[in-house]
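In what follows, chains carry the letters A, B, and so on, assigned in the order in which the sequence lines appear, proteins first and then strands, with residues in each chain numbered from 1. When reading the values below, keep in mind they use all heavy atoms of this one structure, side chains included, and skip hydrogens, waters and symmetry mates.
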Protein chains: 2
Amino acid sequence: MHLAVIGGSDAGIAAALRAKEIDPAVKVSVLLADGFPNYSICGLPFVLSREVTDPTALAHRTREELESTGMELLINTTAREILPKDKRLVAVGQDGHEKRIGYDRLIVATGARPADTGIVGHTLPGVFYLHTMKDSFDIDRHIVETNARRAFIVGGGYIGLEMADALTLRGMEVTIASKTESVLPSVDPEFGRIVEEELRRHGVSVHVRTSVGSIYRSGRTLNVIDASGQNHATDMVVLATGVRPSSELARSAGIEPGHAGAIRVNRRMETNVADIFAAGDCVETWHRLLARSVYRPLGTTAHKQGRIAGENAAGGECQFAGTLGTQVLKVFELAIARTGLSEVEADQEGWKPATVESNMWDHKMYYPGAMPMHIRIVGDRSTGRILGAQIIGHWKSEVAKRIDIIATALFHGITAAGVNDLDLSYTPPLSSPWDPVQIAVQAWLNQHGK
Amino acid sequence: MHLAVIGGSDAGIAAALRAKEIDPAVKVSVLLADGFPNYSICGLPFVLSREVTDPTALAHRTREELESTGMELLINTTAREILPKDKRLVAVGQDGHEKRIGYDRLIVATGARPADTGIVGHTLPGVFYLHTMKDSFDIDRHIVETNARRAFIVGGGYIGLEMADALTLRGMEVTIASKTESVLPSVDPEFGRIVEEELRRHGVSVHVRTSVGSIYRSGRTLNVIDASGQNHATDMVVLATGVRPSSELARSAGIEPGHAGAIRVNRRMETNVADIFAAGDCVETWHRLLARSVYRPLGTTAHKQGRIAGENAAGGECQFAGTLGTQVLKVFELAIARTGLSEVEADQEGWKPATVESNMWDHKMYYPGAMPMHIRIVGDRSTGRILGAQIIGHWKSEVAKRIDIIATALFHGITAAGVNDLDLSYTPPLSSPWDPVQIAVQAWLNQHGK
């Protein structure tokens with residue numbers, strides 16, 4: 001059996017590794033458009049901040065480690081066409097020559113790419129997206145060669161915020177513009193504003209409700225014109241305005257699109273075409289709470305979907321259990337985490353949601369270093385079920401794994417009262433006898449309890 | 001309705017607070033043997049280390065905060081007798097006079113006290129237990145007044161280890177003796193030995209498989225004689241050899257004992273005597289996995305049981321959901337956490353357990369400050385169900401809340417494969433796309449997978 005995988009990032013490599021684990025006899029070939037297999041693209045901001053000094057350290061595994069599993073890596077090889085009837089791929093290799101690659105089963109893991117911003121001037125020199133290793137090299141070279149001191153970031157989502165942190169650490173003067181009411185629209189505005197404070201505290205200039213219409217160059221300076229006509233002079237622009245699925249190759253082979261133009265898959269990660277699976281940022285994602293597919297590209301999800309596609313393609317049997325959109329982000333000293341639905345989202349879905357915010361210390365205040373922690377719990381007033389949570393606190397105060405306690409409960413439909421019943425760990429330097437997440441659900445129960 | 005509560009520590013105050021929340025009209029009186037209501041006795045080691053400079057900071061709430069709920073606090077008041085037929089208590093108050101206190105419902109929260117060690121010389125000056133505020137004041141005074149430089153700790157459980165850390169921080173030369181194969185017998189010896197290394201790295205002299213027979217004084221020096229006849233000269237001894245339930249008062253009133261002499265309660269925290277509830281370190285505890293009661297005194301459990309006793313006593317209806325023995329401990333730079341059963345315990349209970357240990361980094365190694373993390377997963381080979389876990393790592397690497405992810409899964413009977421399916425949070429500074437707990441369950445599944 002020959003399994004071909006198009007794409008050598010998180011989903012593609014997870015699929016290839018799992019297929020070899022399930023059945024070492026399967027021949028696995030991974031086609032990879034660039035020369036960086038299995039790279040953690042989530043690490044790119046930390047390369048640009050210079051917190052990571054060696055970009056090759058971003059590889060989850062080295063090429064040698066990957067090849068030692070027996071998989072074949074076809075680097076700098078771009079798939080041009082899928083021919084499902086012939087079970088063949090047409091690809092262009094390193095040497096520029098077209099080649100044909102037969103397969104028994106195929107996994108499409110072509111990822112995503114930056115969405116078209118519609119901003120006039122987005123192709124000017126000094127204007128960048130950040131999506132690939134090459135993008136990060138280009139940005140780095142621009143900063144060094146032009147001695148850029150000022151950066152303007154378009155987009156207040158998690159990549160925009162990580163870049164604001166990274167370029168500030170690098171000593172640049174950073175401005176960020178978000179068209180939303182507050183930065184980080186994946187959390188409530190109350191939390192978005194705490195993040196804005198943290199950005200300003202570190203010298204970042206923050207503009208919300210600000211969309212960018214055009215960029216033009218005058219001499220060495222780039223001018224970013226926002227919707228109100230204000231001109232922001234800068235030395236470079238980073239466009240962090242979201243991604244869209246790279247699904248064209250699949251679509252041209254008759255593979256059906258689903259939500260938001262992403263490849264439609266079932267929970268075995270099968271497309272509508274026999275023996276073709278798909279996984280990662282190019283596919284739609286089953287949402288466990290919504291019980292339907294959405295487009296929610298995330299590294300964690302890509303790894304899981306890839307593993308499932310690989311297992312099923314190699315003759316196994318498993319299903320994707322679904323996403324909750326669980327995420328955490330570090331911005332300067334803060335960690336911001338979320339899982340599940342916001343009140344607005346839950347309301348649209350027909351729940352009877354209510355949000356209660358609580359403020360406490362991350363651990364017993366008498367032990368040195370206690371830091372404030374804020375938790376918002378969204379629960380359903382009819383059933384008492386937890387629907388979502390958001391936590392913000394110092395990045396070293398276990399914000400990330402606290403959201404995961406709620407994510408684990410949510411994943412299994414546990415109520416607010418059920419979270420209060422959990423037997424969680426405690427020592428004064430790290431928590432309180434009721435963990436902050438339990439203090440937060442108690443506050444919710446006191447107002448809306450069942 | 002008059003609710004009397006005997007005991008003003010974690011369980012007693014939790015009960016009183018909850019009763020006032022459920023029904024503010026209930027009259028609540030709390031009898032307290034000393035003058036320190038609602039003190040975090042888990043904080044005593046940090047007072048002795050001088051990390052906490054003001055011992056009154058250990059109060060979870062001030063006396064004023066407690067009284068503002070409307071509860072009555074009878075400090076320095078010791079209950080001598082419970083008269084269930086008359087629904088009255090006999091107590092001795094601050095003034096030394098006996099008084100009678102009527103009640104409609106009673107909650108017994110008399111806690112625990114150090115178990116008798118049988119060590120000859122345990123009452124000598126300079127030999128201490130650590131269980132109350134007064135004990136910590138006595139130890140502190142001894143160190144200051146005698147200028148004690150050396151401390152000998154008997155017992156390698158969590159209090160012994162916290163004291164070894166605390167007294168080392170205070171500049172003392174510390175020796176610890178544990179009769180067990182390795183320190184911290186609540187985790188596997190493989191992990192106990194990592195803790196021993198950490199102790200030695202900080203200058204603590206560690207003796208395992210070492211029991212202490214007697215202590216004698218010669219001049220200013222205390223001599224600790226271990227079972228092999230070796231003499232350890234020291235300036236003070238701390239006996240950290242476990243506790244037993246303070247259940248005598250209850251027993252003399254006809255309240256039945258259960259496991260290990262602790263008060264028998266049902267899951268509503270009712271004793272066998274009408275209108276008398278009990279909670280905290282004086283009662284037996286329902287174990288969720290074993291489906292029977294054990295004696296497992298812990299602050300987290302005391303708070304939960306107290307809350308449930310208070311709710312039910314005030315006319316509510318709720319049940320204790322059970323313990324998993326979830327615990328975390330900080331020793332110098334390490335956090336050690338555990339939940340559920342060890343392989344040995346699970347085997348005794350008729351499961352088919354297997355343990356797999358994994359070693360990884362707490363977050364992506366390319367981001368600065370990655371620390372090694374060790375995880376042991378105990379799963380049932382027949383069902384794939386997770387039965388327990390232990391984690392050891394740097395105390396700032398989210399060890400505590402990672403054990404809580406497993407504790408949450410375990411609490412709800414989730415399998416190893418189910419933990420792998422969870423949608424957990426990730427950012428390179430705080431985790432990896434598969435969280436360490438998922439990497440650990442994958443390793444378990446690879447060996448014993450279902």
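Ranking Cys42(B), Ala14(B), Gly325(B), Ala407(B) against chain A, the residue ahead of the rest is Cys42(B), based on heavy-atom pairs under 4.5 Å. When Gly299(A), Ala400(A), Ala57(A), Ala321(A) are compared by the number of non-hydrogen pairs under 4.5 Å with chain B, Ala400(A) comes out ahead. Interface summary for chain A: among Phe411(B), Phe320(B), Trp395(B), the most heavy-atom pairs under 4.5 angstrom belong to Phe411(B). Each of Gln438(A), Arg307(A), Lys364(A) has some count of heavy-atom pairs under 4.5 Å with chain B, and the biggest count is that of Arg307(A). Comparing Thr323(A), Val419(A), Ile403(A) by how many heavy-atom pairs each has under 4.5 Å with chain B, the most go to Thr323(A). The residue among Met365(B), Arg288(B), His60(B), Arg338(B) with the most heavy atom pairs within less than 4.5 Å of chain A is His60(B). By number of non-hydrogen pairs under 4.5 angstrom with chain B, the leading residue of Thr427(A), Val328(A), Thr339(A), Thr300(A) is Val328(A). Of the listed residues (Cys318(A), Gly43(A), Gly418(A)), the greatest number of heavy-atom pairs within a distance under 4.5 Å of chain B belongs to Gly43(A). The candidate with the highest count of non-hydrogen atom pairs below 4.5 Å against chain A, out of Arg402(B), Gln319(B), Gln327(B), Glu21(B), is Arg402(B). Interface remark: of the candidates Ala335(B), Ser432(B), Gly322(B), Pro368(B), Pro368(B) forms the most heavy-atom pairs closer than 4.5 Å to chain A. No other option in Leu298(B), Thr53(B), Val52(B), Asp10(B) has as many heavy-atom pairs under 4.5 Å with chain A as Val52(B).
Judged by distance alone, the side chain of Lys304(B) and the main-chain N or O of Leu422(A) form a donor-acceptor pair under 3.5 Å. Under a 3.5 Å cut-off, the side chain of Lys401(A) and the backbone N or O of Ser425(B) do form a donor-acceptor pair. Under a 3.5 Å cut-off, the side chain of Thr326(B) and the backbone N or O of Asp423(A) do form a donor-acceptor pair.
Proximity to chain A involves both the backbone and the side chain of Asn420(B), based on heavy atoms less than 4.5 angstrom apart. In this structure, chain A has heavy atoms under 4.5 Å from both the backbone and the side chain of Glu51(B). In this structure, chain A has a heavy atom under 4.5 Å from the side chain of His412(B), while its backbone stays farther away. Only the side chain of Phe46(B) comes within less than 4.5 Å of a heavy atom of chain A; its backbone N, CA, C and O stay farther away. With a 4.5 Å cut-off on non-hydrogen atoms, Ala337(B) does not touch chain A at all. For chain A, the nearby parts of Leu424(B) are the backbone and the side chain; heavy atoms of each come within less than 4.5 Å. Only the side chain of Asn446(B) comes within contact range of chain A, with at least one heavy atom under 4.5 Å from a heavy atom of that chain. Of the two parts of Ile414(B), only the side chain, counted from C-beta on, holds a non-hydrogen atom closer than 4.5 Å to a non-hydrogen atom of chain A.
In this structure, OH on Tyr367(B) lies 7.0 Å from OG on Ser49(A), to the nearest 0.5 angstrom. For the atom pair Leu329(A) CG and Leu430(B) CG, the distance stands at 9.5 Å (nearest 0.5 Å). The CD1 atom of Ile406(B) sits 11.0 Å away from the CG atom of Asp404(A) when rounded to the nearest 0.5 Å.
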